[in-house]
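Input: a single structure, listed below in structure tokens.
Both backbone and side-chain heavy atoms feed into the values below; hydrogens, waters and symmetry mates do not. Numbering starts at 1 and runs along the sequence shown.
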Amino acid sequence: MDQQNQSCHHNESMGFFYNNSGADDQLAGHKLILMRVVGSLFCCFILVSNAMVIAAVITNKRFHYPFYYLLANLAASDFLAGIAYVYLMFNTGEVSLILTVKEYFIRQGLLDISLSASLANLLVIALERYISVMNWRVHSNLTKRRVTLLIVLVWAISIFMGAVPSLGWNCICNLDYCSQLAPIFSRSYLIFWSTSNLVVFLVMVVIYTRIYTYVKKKTAILSSHTSGSINRKRTPIKLIKTVMIVLGAFVICWTPGLVVLLMDGLECTSCNVMKLKRWLLLLAVLNSVMNPCIYSYKDEEMWTTFKNLLRCIGNGTRRQRSTRANARPLSSAQDTGNSLRTSEETKNENHDMIKT
């Protein structure tokens, strides 16, 4: 068993696998400090803004519909992406060389789970929009139970996809099949991962193309027969536009990275994929930054809820400050009252002693 473990290189550090694949992940000095500072600012914005999206959906009863529940779940996946980026930033450069195999699986697994969750959420939202638009309704008739089951299914599939390399689809026991971008991931896994995600992209584009053409025809028919009620009927189009912009940003930000992963899986030696690695990661971070901005810009109700949340936070902070400020004079007044009472009692005792 020990010989098998040694031949499979489970006990080696990641520096061994980086040397084997010929990859250079070292980023030191001022570049590393700059990357961590800028990355920390982006990650703070990702965490705070997506937490506000989730809080807005929970607190505003107008958002208690299947579409917004799924949108909040998409924000939760972006929130996880922010955590994954923070963990990646402080475990890269020279630190990545001393990581154990398990620590590297955790680092990459968080990224894979967040990407899978975002992709699965967008696919479920596309199906929900398709059902509602084909019935020409603002919101679908999915029950809360079904929406909850869909959310649980999304996270179950995402966790499984992120755990696949650690479950055995890796190159720890066969170093000849290791990739450059992920030195312990086998090239066959990168081909499967990138191809499956690109296929899902294509499916979602087809679904939204079908939705767009249907809405355009339906609107043309209604506009020819009605004049005043068409404005009320256009309400579903706003949600479709929001999701299409989110999907477009996701495809633009993630397609280059998936194509580079596919080239690495196909062992493209002239592609020089390592030079593109950090730029592609920056694109992925920007996608998680853009989503909350798209929600608030395209949805006036969401933006109003954001302002109300910030106002409540500001009022709560002011109340705490005023309570502390008011507590100080009260305590001093109480102390003064106690001292007066003590002095009066002392005078009475002295007067009694004189009389005695």
Would you say [X] and [Y] are hydrophobically clustered, going by side-chain heavy atoms of ILVMFWY under 4.5 Å?
{"X": "Ile58", "Y": "Tyr69", "value": "no"}
{"X": "Phe160", "Y": "Phe185", "value": "yes"}
{"X": "Leu80", "Y": "Leu153", "value": "yes"}
{"X": "Leu34", "Y": "Leu41", "value": "no"}
{"X": "Leu47", "Y": "Leu74", "value": "no"}

Q: Kindly determine whether Phe250 and Thr255 satisfy side chain to side chain contact (heavy atoms under 4.5 Å, CB included), including the steps that lead there.
A: CA-CA 8 Å; Phe250 189 83; Thr255 300; over 6 Å; no
Would you check if [X] and [Y] make a side-chain contact, meaning some heavy-atom pair closer than 4.5 Å?
{"X": "Asn50", "Y": "Pro292", "value": "yes"}
{"X": "Leu286", "Y": "Phe42", "value": "yes"}
{"X": "Phe17", "Y": "Leu175", "value": "yes"}
{"X": "Thr305", "Y": "Arg62", "value": "no"}
{"X": "Trp254", "Y": "Leu280", "value": "no"}
{"X": "Phe63", "Y": "Val53", "value": "no"}
{"X": "Ser186", "Y": "Asn170", "value": "no"}
{"X": "Ile252", "Y": "Leu283", "value": "no"}

Q | Tyr214 atom OH: more than 12 heavy-atom contacts under 6.0 Å | A |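 Counting neighbours around OH of Tyr214, more than 12 heavy atoms of other residues, nucleotides or ligands fall under 6.0 Å, so yes.
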Pairwise distance [atom1]([X]) to [atom2]([Y]) - rounded to 0.5 angstrom:
{"X": "Asn287", "Y": "Cys253", "atom1": "CG", "atom2": "SG", "result": "4.5 Å"}
{"X": "Ile98", "Y": "Glu103", "atom1": "CD1", "atom2": "CD", "result": "8.0 Å"}
{"X": "Leu97", "Y": "Ser13", "atom1": "CG", "atom2": "OG", "result": "7.5 Å"}
{"X": "Leu261", "Y": "Trp193", "atom1": "CG", "atom2": "CH2", "result": "9.0 Å"}
{"X": "Lys102", "Y": "Ile106", "atom1": "NZ", "atom2": "CD1", "result": "9.0 Å"}
{"X": "Leu88", "Y": "Gln108", "atom1": "CG", "atom2": "CD", "result": "7.0 Å"}

Q) After noting the C-alpha distance and the side-chain angles of Cys171 and Tyr189, does the key distance pass the side chain to side chain contact (heavy atoms under 4.5 Å, CB included) rule? A) CA-CA 10 Å; Cys171 63; Tyr189 173 75; over 6 Å; no
Q) Can Ser40 and Phe45 be said to form a side chain to side chain contact (heavy atoms under 4.5 Å, CB included), step by step? A) CA-CA 9 Å; Ser40 298; Phe45 180 81; over 6 Å; no
N/O donor-acceptor pair under 3.5 Å between [X] side chain and [Y] backbone:
{"X": "Thr92", "Y": "Met89", "result": "no"}
{"X": "Arg187", "Y": "Ser179", "result": "no"}
{"X": "Ser132", "Y": "Arg129", "result": "yes"}
{"X": "Asp264", "Y": "Val260", "result": "no"}
{"X": "His64", "Y": "Thr59", "result": "no"}
{"X": "Asn91", "Y": "Ser96", "result": "no"}

Q: Determine which pairs satisfy ring-ring contact (aromatic ring centres under 6.0 Å, His included) with at least one residue from residues 97-135, sequence neighbours left out, and list them in order.
A: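 ring-ring contact (aromatic ring centres under 6.0 Å, His included) check on residues 97-135 returns no pairs.
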Q: Name all pairs fulfilling the ring-ring contact (aromatic ring centres under 6.0 Å, His included) condition that reach into residues 70-100, sequence neighbours left out, sorted by first residue then second.
A: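 For residues 70-100, and leaving out neighbouring residues, there are no ring-ring contact (aromatic ring centres under 6.0 Å, His included) pairs at all.
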Any chance the side chains of [X] and [Y] put a donor and an acceptor closer than 3.5 Å?
{"X": "Ser77", "Y": "Ser118", "answer": "yes"}
{"X": "Trp169", "Y": "Ser188", "answer": "yes"}
{"X": "Asn60", "Y": "Glu301", "answer": "yes"}

What heavy-atom pair brings [X] and [Y] nearest, and what distance separates the two atoms?
{"X": "Gly82", "Y": "Ile46", "result": "CA-CG2, 3.9 Å"}
{"X": "Val246", "Y": "Tyr295", "result": "CG2-CE2, 3.8 Å"}
{"X": "Ile191", "Y": "Gly265", "result": "CD1-O, 3.4 Å"}
{"X": "Ile113", "Y": "Gly162", "result": "CG1-CA, 3.8 Å"}
{"X": "Met302", "Y": "Val57", "result": "CE-CG2, 4.5 Å"}
{"X": "Ala55", "Y": "Leu309", "result": "CB-CD1, 4.1 Å"}

(Q) Just to verify, what does Asn73 make a side-chain hydrogen bond (donor to acceptor under 3.5 Å, both in side chains) with, not counting sequence neighbours? (A)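 In terms of side-chain hydrogen bond (donor to acceptor under 3.5 Å, both in side chains), with neighbours along the sequence ignored, Asn73 is linked to Asn121, Trp155.
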Q) Should the ring pair Phe306 and Trp303 be called parallel, tilted or perpendicular, given that the plane angle runs from 0 to 90° and is split at 30 and 60? A)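 Answer is perpendicular, since the angle exceeds 60°.
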Q: Mind running side chain to side chain contact (heavy atoms under 4.5 Å, CB included) on Leu115 and Leu111 for me, showing each step along the way?
A: CA-CA 6 Å; Leu115 172 60; Leu111 290 173; over 6 Å; no
Please output the side-chain donor-acceptor pairs of residues 142-151 that fall under 3.5 Å, not counting sequence neighbours, one pair per line with the distance.
from, atom 1, to, atom 2, distance (Å)
Thr143, OG1, Arg146, N, 3.3
Thr148, OG1, Lys144, O, 2.7

Q: Could you note down all residue pairs passing salt bridge (Lys or Arg N to Asp or Glu O under 4.0 Å) where residues 65-80 supplies at least one of them, sequence neighbours left out?
A: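 Counting only pairs at least two positions apart or across chains, no salt bridge (Lys or Arg N to Asp or Glu O under 4.0 Å) contact touches residues 65-80.
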Using atom types as modelled, flag every donor-acceptor pair under 3.5 Å from a side chain in residues 198-208 to any protein atom, sequence neighbours excluded.
none

